[in-house]
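All remarks here apply to the structure that follows.
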Amino acid sequence: MLVNDYIPVTHCQRIILPKIGDNRGDLSFIESGNHIPFSIERIYYIYNIPDKQLRGAHAHRELKQLIISLSGSFCVQLDDGKNKHTAHLDSPSEGLLISNLVWRELYNFSENAICLVLASHKYDESDYIRNYSDFLEAAGFAS
Ligand code: TYD
C-alpha cells in the first residue's frame with residue numbers, strides 16, 4: 001500500500017509513487033485521478049539551474065501541481081498563509097502535491113537537478129499571484 005505523508009499546509013501532501021524495480025532499473029508512473037487528484041493538462045520541467053537560484057515565489061489561484069525531483073535534489077517551502085513547511089525532494093519516486101492558494105519557493109538546487117512539474121491547467125499568467133500581500137489577501141488573511 002502507498003503511504004502518503006501528511007504536511008501541515010492546506011491540501012498539500014508528499015505522495016509516494018509506485019516504483020517497480022528489477023535488475024534493469026526502476027520505473028515509476030503517475031495516473032491522473034489515481035495517484036494525483038487532478039487531470040494533467042501540462043507538463044514542464046526546470047533544469048540548468050544556477051547555484052543559489054530561487055524559483056517559484058508565487059501562488060496560483062486555481063492551479064494544482066505535483067512536483068518531482070527527477071534528478072538531484074532541491075527544497076520547496078510551502079506557505080498557506082498560516083502554516084509553513086519545508087520539503088526536501090530527492091527521489092523520482094516521490095512527489096509533492098501543491099494545492100492552489102499556496103505560496104511556494106524552490107531553492108537549494110543541487111548540480112544537475114531536474115524539477116518535473118505536472119499541472120492541472122495550461123499556462124495562464126492571470127492565474128499567478130506574484131505578490132505576497134496579494135496572496136495573503138486571496139488566501140483570506142489580512143496583509
Ligand atoms: P515562472 O512560472 O515564473 O517560473 P518559476 O515559477 O519556475 O520560477 O515562469 C518563468 C517564465 O516561463 C515566465 O515568463 C512564464 C513562462 N512559462 C510559460 O510560458 N509556460 C509555462 O508552462 C510556465 C511554467 C512558464
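Excluded from the calculations below are hydrogen atoms, water molecules and symmetry mates; all remaining heavy atoms, backbone and side chain alike, are included. Atoms within each ligand, like the ligands themselves, are counted from 1 in listed order.
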Inset, instruction - Classify the angle between the aromatic ring planes of F135 and W103 as parallel (below 30°), tilted (30 to 60°) or perpendicular (above 60°). - result: tilted
Inset, instruction - Return the minimal non-hydrogen interatomic distance between V9 and H85, and the atom names on each side. - result: CG2-CB, 3.7 Å
Inset, instruction - Distance to 0.1 Å, residue and atom name: give those for the protein heavy atom nearest to atom 4 (O) of ligand 1. - result: R55 NH2, 3.2 Å
Inset, instruction - Record the part of R130 in heavy-atom contact with ligand 1 below 4.0 Å; permitted values are side chain, backbone, both and neither. - result: side chain
Inset, instruction - Please name the pair of heavy atoms, one in H88 and one in R14, separated by the smallest distance, quoted to 0.1 Å. - result: O-NH2, 3.3 Å
Inset, instruction - Can you pull out the closest protein heavy atom to atom 15 (C) of ligand 1? Residue, atom name and distance to 0.1 Å, please. - result: Y123 OH, 3.3 Å
Legend entry - Electrostatic pair R130-E125, nearest N-O below 4.0 angstrom: yes
Inset, instruction - Compute the shortest N/O to N/O distance between G56 and ligand 1 and return yes if it is under 3.5 Å, no if not. - result: yes
Inset, instruction - Examine distances only and state if a side-chain atom of S110 and a backbone atom of S73 form a donor-acceptor pair shorter than 3.5 Å. - result: yes
Legend entry - L106 contact mode with ligand 1 (heavy-atom cut-off under 4.0 Å): neither
Legend entry - For atom 9 (O) of ligand 1, closest protein heavy-atom neighbour: Y128 OH, 4.3 Å
Inset, instruction - Check whether any side-chain N or O of S28 sits under 3.5 Å from a backbone N or O of P18 as a donor-acceptor pair, and report yes or no. - result: yes
Legend entry - Ligand-residue contact atoms, ligand 1 with Y44, heavy atoms, under 4.0 Å: 24 (C)
Inset, instruction - Return the residue, atom name and 0.1 Å-rounded distance of the protein heavy atom closest to atom 24 (C) of ligand 1. - result: R42 NH1, 3.3 Å
Legend entry - Shortest protein heavy-atom distance from atom 6 (O) of ligand 1, along with the residue and atom involved: H58 NE2, 2.7 Å
Legend entry - Nearest non-hydrogen partners of S99 and K64, listed with the distance: CA-CG, 4.3 Å
Inset, instruction - Using protein heavy atoms only, decide if any is under 4.0 Å from atom 21 (C) of ligand 1. - result: yes
